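Report on one structure; see the data block that follows.
This one's a predicted model, so the numbers in the text were calculated from it and none came from an experiment.
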Amino acid sequence: MNKNINIKFDENNCSYDISYNGFSWINDGRKPFVAVSKNIGDKQKIKNILLKSAKTKSTEYAENKTTTYYSDFFLDGEKLPFTIICTAEVVEDDVVFSLKTENETNGQIQGIFFPGGFNSKNKTQNSYHVDPMRQGFILPDGYKKNIFATHYYTTIKRPINSADCYMPLWGRVCDGHSLTAIVETPYDASMFSSYGKRWAFLNSVYWQTSLGKISYERKLRLCFHSDGDYNTIAKTYRSYLMENNLLVTLDEKMKGNPNIQNIIGAPVLHHKIFSKINEKSQFYNKKGSNEILCATFKERSEQMKKLKGLGLEKLYIHTDGWGKNGYDNDHPYILPPCEQAGGWDGLKAFADTCRELGYVFAVHDQYRDYYYDSPVFDKNKAITNADGSNPYCSIWDGGEHTYLCSSFALDFVKKTYDELAEHNIDVQGAYLDVFAIMQGDECFHEEHSATREESIAFRAKCFDYLNEKGLIMSSEEPGMQLLNHLALVHHGPHALKPQENGKPIGIPVPLGNLVYHDCIIIPWNWFNNWGIPKGENGDLYCALNAGMPYLHPYGNSLKKIGTDNRTADIEMMNDEELKKEIARIEPLCDLQKRLYNKEMLKHEFLGSYRKQKATYSDGTSITIDLDKNTYNIA
């Protein structure tokens, strides 16, 4: 029997009291429930039923384990057939909660929230929540800044492996006592937050069904420390990943694809070639301009030569809008290349120029959005919902679309890149949009059904296929489920409201980089302070995180296309301005080259949240002062 941990369980309230070395953690906030659906005519009614309302409850006790059976639930007077089985087990110094069901009818259970959130049993002086939303934040109890934005996140479920939840963990720190929660079965799971006593912000997990049922056992691990902070929570998760062979470093990735070395110490240039907004798109402007050619491939080649001539040695070039109808059109097959920009010959010349200059030419691509206007559209390959319908969206430039079932994604990847190879297009990198930051897509189609976990595996095959060909792989944001298949992402910013030039949710901390800094390259200081708190300098966050800087040779001006304001990637700055821009990013590139494969050991605040310090495994420390707008490397 583990003498460090003691569990007390209240069967009637489905609540736990866990004592670790004498410090007690108890359930607080939202109560465990099961979401149940019932069809009334052609409408579906969903009701949350508290687990404690089960008419029959029984608990089995073992030395380090309690197992409780909840059955005889009722909805509108009708007895429901299923039983929910909840277990809490002491495993070494951790507590593992598990959940499974019996006698489940397909489609009846929509999800289960279990266990409840955990808070300190007694009032403490210094307590805060640790959250994996985007790069991460801490939220002291009773924190009032941007409170309405914070409150919003108690009203929605946040899917794991989304922008709202990069990693399957959260934490709580109360007077130095820390709790780390790790979702061990993360593919069908969402964070669900609530307020507890003393305005504590508390997370727990909402278990989603998989193809209509809970189907398999779900697990949540709680780890405890008597002397810890948010660094402890990040490092506990990193240790868990390493122990389970789930962490792949950049050095390990380079052994499989040495070309990744070509972007170490390079800035990233994000530019677009062509945009054309479909009349069915929500961006379409009936009275305005809906089409723009930012540059031909030849013009871009000349601009890259100018950058090289001004002393920029390395560059990763992320190219948008290179396909037939431009950005966000025709996916999952966008060939031939944009004719207005130069077609096949122009694209080849541009790619060849990049190679000659020592720059990495990469393309923006997409294999999830499935446009009705795509030449390869086949409704039978679309994701199918449980009711037989298909998802629908019309926001983006290409207009009406559904989503491609992930099981077909690799076929279209092969079709595109085989054709590029046939035309001798020297593509060195590929960005597969949204794949890394969207929860897996369920598909109920009887010929190609897929679970969320299978969907993630299908996406991984797309990255691996191109990676094996030597392409440098990237995607949008660093969701943990596909991180091991990528070299870099487009950004991994802090959570703001609004996300562009907004106020932070809680107090930003680099929780993600404390876990995976030496595993993925993250660029910083993208368009219009996106993901950087309003009024603050993105270069300081780039330095703190030893990240990849964005190069802005076209300045920061905007141009309206349709109803949307976008970066005006047309005219380059003059030579003197370009020299200053290159001088801005050079020390950041040098820092990234020095630390890309070093673990971020610790992050700390120095007297206030405005002055921060990060320490790396080689002894390097970086201090930023947001008030003085400075960073220092020691």
Side-chain angles (χ1 to χ4, degrees), residues 132 134-135 159-168 186-187 246-250 253 256-257 259-260 263 266 268-270 272 316-323 327-328 331-332 334 360-370 396 403-404 406 409-410 412-413 416-417 427-441 452-453 455-493 499 512-513 515-517 519-524 526-527 530-531 547-548 550:
R134 286 203 151 96
Q135 188 62 224
I160 292 174
N161 204 69
S162 71
D164 287 338
C165 185
Y166 280 176
M167 301 180 289
Y187 294 99
L246 298 173
L247 193 82
V248 181
T249 67
L250 281 164
K253 292 173 183 178
N257 184 358
N259 291 331
I260 296 172
I263 63 172
V268 56
L269 167 62
H270 180 188
K272 64 179 69 70
Y316 174 85
I317 304 168
H318 175 114
T319 305
D320 285 349
W322 57 278
Y327 182 68
D328 273 359
H331 295 296
I334 65 175
V360 173
F361 171 67
V363 294
H364 173 117
D365 212 351
Q366 240 267 32
Y367 295 92
R368 183 173 184 261
D369 293 350
Y370 196 23
W396 315 120
Y403 301 122
L404 178 70
S406 304
L410 183 58
F412 288 110
V413 168
T416 297
Y417 290 86
V427 180
Q428 299 178 59
Y431 165 96
L432 305 189
D433 198 13
V434 309
F435 263 8
I437 200 55
M438 298 294 295
Q439 188 180 42
D441 291 309
R452 294 186 184 92
E453 183 174 4
S455 173
I456 292 294
F458 285 132
R459 295 177 192 175
K461 288 182 179 180
C462 297
F463 291 121
D464 292 346
Y465 173 78
L466 294 176
N467 190 67
E468 288 168 5
K469 290 181 173 293
L471 275 71
I472 300 168
M473 298 312 303
S474 67
S475 192
E476 192 164 358
E477 297 183 53
M480 279 301 299
Q481 291 174 8
L482 285 165
L483 202 70
N484 290 342
H485 304 268
L486 305 173
L488 76 159
V489 290
H490 198 265
H491 43 238
Q499 192 58 35
N513 272 327
V515 175
Y516 51 64
H517 174 267
C519 301
I520 191 78
I521 298 169
I522 298 180
W524 289 84
W526 184 48
F527 162 70
W530 202 91
M548 185 184 213
Y550 268 100

- Can any side-chain N or O of Lys253 pair as donor or acceptor with the backbone N or O of Cys519 at less than 3.5 Å? yes

- Query: Between Leu250 and Ala487, what is the shortest heavy-atom contact and its length?
  - Reply: CD2-O, 3.7 Å

- Query: Rounded to the nearest 0.5 Å, how far apart are CE of Met473 and CG of Leu432?
  - Reply: 4.0 Å

- Item | Rounded distance (nearest 0.5 Å) linking atom NZ of Lys461 with atom OG of Ser406 | 11.5 Å

- Query: Taking all atoms of both residues into account, what is the closest heavy-atom pair of Ser475 and Ala436, and its distance?
  - Reply: OG-N, 3.2 Å

- Just do the side chain to side chain contact (heavy atoms under 4.5 Å, CB included) check on Val363 and Tyr417 with the steps written out, would you? CA-CA 11 Å; Val363 294; Tyr417 290 86; 3.6 Å; yes

- Message: For His331 together with Tyr370, are the ring centres under 6.0 Å from each other?
- Response: no

- Does any non-hydrogen side-chain atom of Asp464 lie less than 4.5 Å from one of His485? yes

- Applying side chain to side chain contact (heavy atoms under 4.5 Å, CB included), run through Ile522 and Asn513 and close with a yes or a no. CA-CA 9 Å; Ile522 298 180; Asn513 272 327; 3.8 Å; yes

- Query: Taking Ser455 for the side chain and Gly440 for the main chain, is one N or O donor matched with an acceptor at less than 3.5 Å?
  - Reply: no

- Query: Any side-chain heavy atom of Lys272 within less than 4.5 Å of one from Trp322?
  - Reply: no

- Find out whether Tyr316 and Met548 are in side-chain contact, i.e. whether some heavy atom of one side chain is under 4.5 Å from a heavy atom of the other. yes

- Item | Sequence-distant partners of His270, side chain to side chain donor-acceptor pair (under 3.5 Å), two or more places apart | Asp320, His490, Trp526

- Item | Pairwise distance CG(Asp369) to CG(Asp433) - rounded to 0.5 angstrom | 7.5 Å

- Within a strict 4.5 Å, meaning less than it, do heavy atoms of the Tyr516 and Tyr166 side chains meet? yes

- Does Arg134 reach the main-chain N or O of Pro493 with its side chain, forming a donor-acceptor pair under 3.5 Å? no

- Message: Within the 4.5 Å heavy-atom criterion, are Leu486 and Ile520 side-chain neighbours or not?
- Response: yes

- Task: Measure from the ring center of Tyr550 to the ring center of His491 and say whether it is less than 6.0 Å.
- Result: no

- Message: For Arg459 and Asp441: C-alpha separation, side-chain torsions, deciding distance, then whether salt bridge (Lys or Arg N to Asp or Glu O under 4.0 Å) applies.
- Response: CA-CA 10 Å; Arg459 295 177 192 175; Asp441 291 309; 3.0 Å; yes

- For side chain to side chain contact (heavy atoms under 4.5 Å, CB included), just list the numbers for Ser474 and Leu488, CA-CA rounded to whole Å, side-chain angles, deciding distance to a tenth of an Å, and then say yes or no. CA-CA 5 Å; Ser474 67; Leu488 76 159; 3.5 Å; yes

- Message: Does either side chain, that of Tyr187 or that of Gln481, offer a donor lying less than 3.5 Å from an acceptor on the other one?
- Response: no

- Task: Any chance you could measure Phe463, atom CZ, to Leu483, atom CG, to the nearest 0.5 Å?
- Result: 10.5 Å

- Locate the shortest heavy-atom distance separating Pro168 from Ile160; write the atom from each residue and the value. CB-CG2, 3.9 Å

- Just jot down the side chain to side chain contact (heavy atoms under 4.5 Å, CB included) partners of Tyr465, sequence neighbours excluded, or say none. Leu410, Val413, Lys414, Asp418, Lys469

- Indicate yes or no for a side-chain donor-acceptor contact from Asn484 to the backbone of Leu246 under 3.5 Å, with no hydrogens or angles considered. yes

- Query: Does the side chain of Ile521 reach to within under 4.5 Å of the side chain of Ile263, using non-hydrogen atoms?
  - Reply: yes

- Message: Is there a side-chain contact between Arg368 and Leu404 in this structure, where contact means two heavy atoms from C-beta onward sitting under 4.5 Å apart?
- Response: no

- Would you name the heavy atoms of Asn259 and Gly470 that are closest together and state the gap between them? ND2-O, 2.8 Å

- Query: Could you go step by step and tell me if Val434 and Tyr367 meet the side chain to side chain contact (heavy atoms under 4.5 Å, CB included) rule?
  - Reply: CA-CA 9 Å; Val434 309; Tyr367 295 92; over 6 Å; no

- Task: Mind checking the CG-CE spacing from Leu482 to Met438? Nearest 0.5 Å is all I need.
- Result: 12.5 Å

- Identify the heavy atoms of Trp524 and Gly547 that sit nearest to each other, and give their distance. CD1-CA, 3.9 Å

- Taken in chain and number order and not counting sequence neighbours, the residues that satisfy salt bridge (charged side-chain N to carboxylate O under 4.0 Å, His left out) with Arg452 are Asp188, Glu442

- Message: To check you understand the geometry: which heavy-atom pair defines the closest contact between Gly492 and Pro478, and what is its length?
- Response: CA-CD, 3.8 Å

- One should read off an interatomic distance between Tyr431 OH and Leu471 CG, to the nearest 0.5 angstrom, of 16.0 Å

- Taking the side chain as every heavy atom from C-beta outward, state whether Ile437 and Asn161 have any atom pair closer than 4.5 Å. no

- Is a side-chain donor or acceptor of Gln439 paired with a backbone partner of Ser162 at a separation under 3.5 angstrom? no

